[in-house]
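Before any comments, here is the structure.
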Number of protein chains: 2
Amino acid sequence: MSKRQSNREEIFTRILEAAEVEFGLKGYSGASLQHIADRANLPKPNIVYYFQSKANLYKQVLNQILMDWNDLFDQATIDDDPAVVLDAFIREKLALSFTNPRSSRIFAMEVIGGALHIGDYLKEDLVPWLTSRVEVIQGWIDAGKMRSIDPTSLIFMIWATTQHYADFEAQILALTNKEALVEEDLKRIGDTVSSIVLTGVGLTLPN
Amino acid sequence: MSKRQSNREEIFTRILEAAEVEFGLKGYSGASLQHIADRANLPKPNIVYYFQSKANLYKQVLNQILMDWNDLFDQATIDDDPAVVLDAFIREKLALSFTNPRSSRIFAMEVIGGALHIGDYLKEDLVPWLTSRVEVIQGWIDAGKMRSIDPTSLIFMIWATTQHYADFEAQILALTNKEALVEEDLKRIGDTVSSIVLTGVGLTLPN
DNA sequence: ACAGATATTGATTGTATGATAAGGATGTAA
DNA sequence: TTACATCCTTATCATACAATCAATATCTGT
């Protein structure tokens, strides 16, 4: 007669999910352990029992998000067709913003707040990633496959535009007078962004 | 012998400025009236005396920011050259992100948090603005001046890209290994973004 | 110079928070 | 069954906060 159907791991993820929702809604300071506990259907001290502190729980949530963010655009090499790669990158990143806006928002709030908790990750893990991606794009430019533009600014531009639909969802819904963004919007926006960016850097998709 | 050089208006703006800094650094929940008071060099109760409550002070700060945001891209008509207008819009918005990143960040955090305090402003003031701008761009498209793309997505794209440099400054500095963004960066990024967008929608700047 | 309005101050209040402590329940191994 | 470790829960802590208050100081119009 086990009132306790839940093992350690299940509770872990339950708390993490509740925390993600709460942090996503209220930000770090605004979120309270009590609310997270209520959401996870657990007494508050249990949260601390599993995660030691609020700051640590927050770090774990961020870590989870960064691990979930797939390595889109990661396997691309100089030999690939830049049009195909960039189009896929834009559409995948945009789709991720649509399906998982909460993750994007937590990350955004963290960075806007100065990236105090993930500054090290940015410098240690993301810098090499960006460097290697810039090299690939520069390779395409040198090979005459695309127009000469600043690769870093291009990557930031794609990041900014795609994440915008997750982070500023409230503004977009208010401005477009909608309840939610749907599959149709994803396609229209993906078409527009991909079209502008690809044309902008002198590329056309093969048929 | 007036120890008190400050009239009511001066104190008002002093509090508003201190609050903008504090909210920008810590977010709404993270900011405390005590810290705002310290920053404004006033006792805490005076903050409440002038602004009644923390929530109201925050609203006033947001209001101030929205009023400061000039009406860039506002006077453009169908008769103008879209290349000139869009280029100027991109560069001015980008410059604003560089000179006043704090305002942009407070606005961003507010929207990410669900735009609970400025939802009405978005619907009442920004919707008409967006509608009229979309009409102008659609007019350019209909007149064959530029490529046919979704005007709304284009505007969001420009917003996202330009604000990105203010909101995600911490990430950008970490990734580019810099201390601060300078005039030179503003030019390079402006060139890249303007070039990609203009080319992307089939425009070229006149000489 | 005076009186009424306005502004400033330090002290205080009640509440919500993150964190801890200590005992009880549960499962596991001998 | 017994012993032990893990897990959970109730009760409680000190702290920081927004907000209020009563008392004092300052200004302003007459």
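Below, chain A is the first sequence line, B the second, and so on; all start at residue 1. Any value given below was found using the heavy atoms of this structure, including those in side chains, with hydrogens, waters and symmetry copies removed. Not measured: the values here are computed from a predicted model.
- Here B:A31 lies in heavy-atom contact (under 4.0 Å) with sugar-phosphate atoms only.
- Residues that satisfy the salt bridge (Lys or Arg N to Asp or Glu O under 4.0 Å) test with A:K44, not counting sequence neighbours, are absent from this structure.
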Please tabulate, one pair per line, all N/O donor-acceptor pairs under 3.5 Å involving side-chain atoms of residues 55-64 of chain B, not counting sequence neighbours.
unit_1: B:N56; atom_1: ND2; unit_2: B:F51; atom_2: O; d: 3.0
unit_1: B:N56; atom_1: ND2; unit_2: B:Q52; atom_2: OE1; d: 3.4
unit_1: B:Y58; atom_1: OH; unit_2: B:E110; atom_2: OE1; d: 2.7

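- Of the residues in residues 112-119 of chain B, not one places a heavy atom less than 4.0 Å from an atom of DNA chain C.
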Please report, to 0.1 Å, the donor-acceptor pairs under 3.5 Å made by any side chain of residues 169-184 of chain B, with sequence neighbours excluded.
unit_1: B:E169; atom_1: OE1; unit_2: B:R105; atom_2: NH1; d: 3.0
unit_1: B:T176; atom_1: OG1; unit_2: B:I172; atom_2: O; d: 2.6
unit_1: B:K178; atom_1: NZ; unit_2: B:D185; atom_2: OD1; d: 2.5

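- Every salt bridge (Lys or Arg N to Asp or Glu O under 4.0 Å) that B:K26 has, sequence neighbours left out, goes to B:E22.
- Across all strands, A:Y50 comes closer than 4.0 Å only to sugar-phosphate atoms, never to a base (heavy-atom distances).
- Every pair passing ring pair (Phe, Tyr, Trp, His ring centres under 6.0 Å) that includes a residue from residues 165-201 of chain A is listed here, sequence neighbours excluded: A:H164-A:F168.
- Taking the salt bridge (Lys or Arg N to Asp or Glu O under 4.0 Å) definition, one finds that B:K187 meets it with B:D191, sequence neighbours left out.
- Considering only residues two or more places apart in sequence or on other chains, B:D142 meets the side chain to side chain contact (heavy atoms under 4.5 Å, CB included) condition with B:Q138.
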Could you run down the sub-3.5 Å N/O contacts of the protein with nucleotides 19-25 of chain C?
unit_1: C:dA19; atom_1: OP2; unit_2: A:K54; atom_2: N; d: 3.0

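- Taking the side chain of B:H35 as heavy atoms from C-beta on, and the options D:dC17, C:dG10, C:dA7, the nearest nucleotide is D:dC17.
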